[in-house]
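Down below is the structure, laid out as structure tokens.
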Amino acid sequence: MFIEAKDMLRPKIYVINKRKVYNVDYVSFDDKSYGVTEKYGLYEEYTFNEVALMENTGYKDKNGKYIYLGDIVEIVGTLFEVKYKIFKGYAIENEDYTLSLEANFDTATVVGNIYENKELLNG
């Protein structure tokens with residue numbers, strides 16, 4: 001089975017050996033791979049084992065940017081990681097708080113992600 005990303009809430013992937021996040025163009029469940037467009041319009045494929053999936057939550061931040069699992073969002077000067085909590089749904093979390101993403105997405109600003117900007121949460 002092959003699904004183009006335009007037919008779903010477009011996910012992102014973090015390619016581990018490249019240390020880079022890409023928008024997904026398609027998913028091939030037969031090949032267990034993701035297709036992405038790299039620089040200069042070249043297509044690359046990465047297997048499910050080569051990446052970390054960043055699921056699109058369906059929510060947008062206050063600037064209209066989609067929020068993904070693994071994103072780092074800022075709300076009133078406080079940084080949170082976007083996670084999925086079983087029985088709670090999407091949440092934003094830091095060392096001190098766990099909040100509902102659904103209740104806070106419209107006041108959040110995406111400032112990075114845990115793969116490329118982990119230092120934001122440790123600073």
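- With a 4.5 Å cut-off on side-chain heavy atoms, L79 and V111 count as touching.
- Side chain to side chain, T109 and D61 fail the donor-acceptor criterion of an N or O pair below 3.5 Å.
- The shortest distance between side-chain heavy atoms of E93 and V82 does not fall below 4.5 Å.
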Residue pair L69, E55: steps toward the side chain to side chain contact (heavy atoms under 4.5 Å, CB included) verdict = CA-CA 5 Å; L69 291 183; E55 180 182 333; 3.8 Å; yes
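- Under a hydrophobic clustering in which Ile, Leu, Val, Met, Phe, Trp and Tyr are joined whenever their side-chain heavy atoms come within less than 4.5 Å, directly or via other members, Y97 and I67 fall into the same cluster.
- Between the side chain of N113 and the backbone N or O of Y115 there is at least one donor-acceptor pair closer than 3.5 Å.
- Under the 4.5 Å side-chain heavy-atom criterion for Ile, Leu, Val, Met, Phe, Trp and Tyr, L120 and V73 are members of distinct hydrophobic clusters.
- Using the six-membered ring where Trp is involved, Y84 and Y90 have ring planes that are perpendicular, over 60° apart on the 30 and 60° scheme.
- One hydrophobic cluster holds both Y59 and I92 under the rule that ILVMFWY side chains link at heavy-atom gaps under 4.5 Å.
- Interatomic distance, CG of L101 versus NZ of K88, reported as 14.0 Å (0.5 Å rounding).
- Using modelled atom types, one finds no donor on one side chain facing an acceptor on the other under 3.5 Å when comparing K12 with Y66.
- Looking at T47 and K32, their side chains never come closer than 4.5 Å, going by heavy atoms from C-beta outward.
- Shown here is E38, whose CD atom has more than 12 heavy atoms of other residues, nucleotides or ligands within 6.0 Å.
- We find the CD1-CD1 distance between I72 and I114 to be 7.5 Å, quoted to the nearest 0.5 Å.
- When side chains are defined from C-beta on, Y46 counts as touching I13, because their heavy atoms get closer than 4.5 Å.
- Between V76 and T107, every side-chain heavy-atom pair lies at or beyond the 4.5 Å cut-off.
- When all heavy atoms are compared, the tightest approach of K20 to E116 is CA-OE2, 3.5 Å.
- Closest of all the heavy-atom pairs between L53 and P11 is CD1-CB, 3.8 Å.
- L99 has its side chain within reach of F80: a pair of non-hydrogen atoms, C-beta onward, lies under 4.5 Å apart.
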ask   = When you look at Y68 and T57, which way does the side chain to side chain contact (heavy atoms under 4.5 Å, CB included) test go after all the steps?
value = CA-CA 5 Å; Y68 292 82; T57 65; 5.8 Å; no
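- A salt bridge between D106 and K60 is absent, with no side-chain N of the basic residue lying under 4.0 Å from a carboxylate O of the acidic one.
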key: Residue pair N23, R10: steps toward the side chain to side chain contact (heavy atoms under 4.5 Å, CB included) verdict   = CA-CA 7 Å; N23 290 315; R10 180 173 242 168; 4.1 Å; yes
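- For the pair N94 (side chain) and D96 (backbone), a donor-acceptor distance under 3.5 Å is present.
- Residues E50 and Y14 bring no donor and acceptor atom of their side chains to less than 3.5 Å of each other.
- Grouping the Ile, Leu, Val, Met, Phe, Trp and Tyr side chains by contacts below 4.5 angstrom, directly or via other members, places L42 apart from V36.
- Between Y34 and F48, the ring center distance clears the sub-6.0 Å criterion.
- In plain terms, the two heavy atoms of E45 and S33 that are nearest each other are OE1-OG, 3.6 Å.
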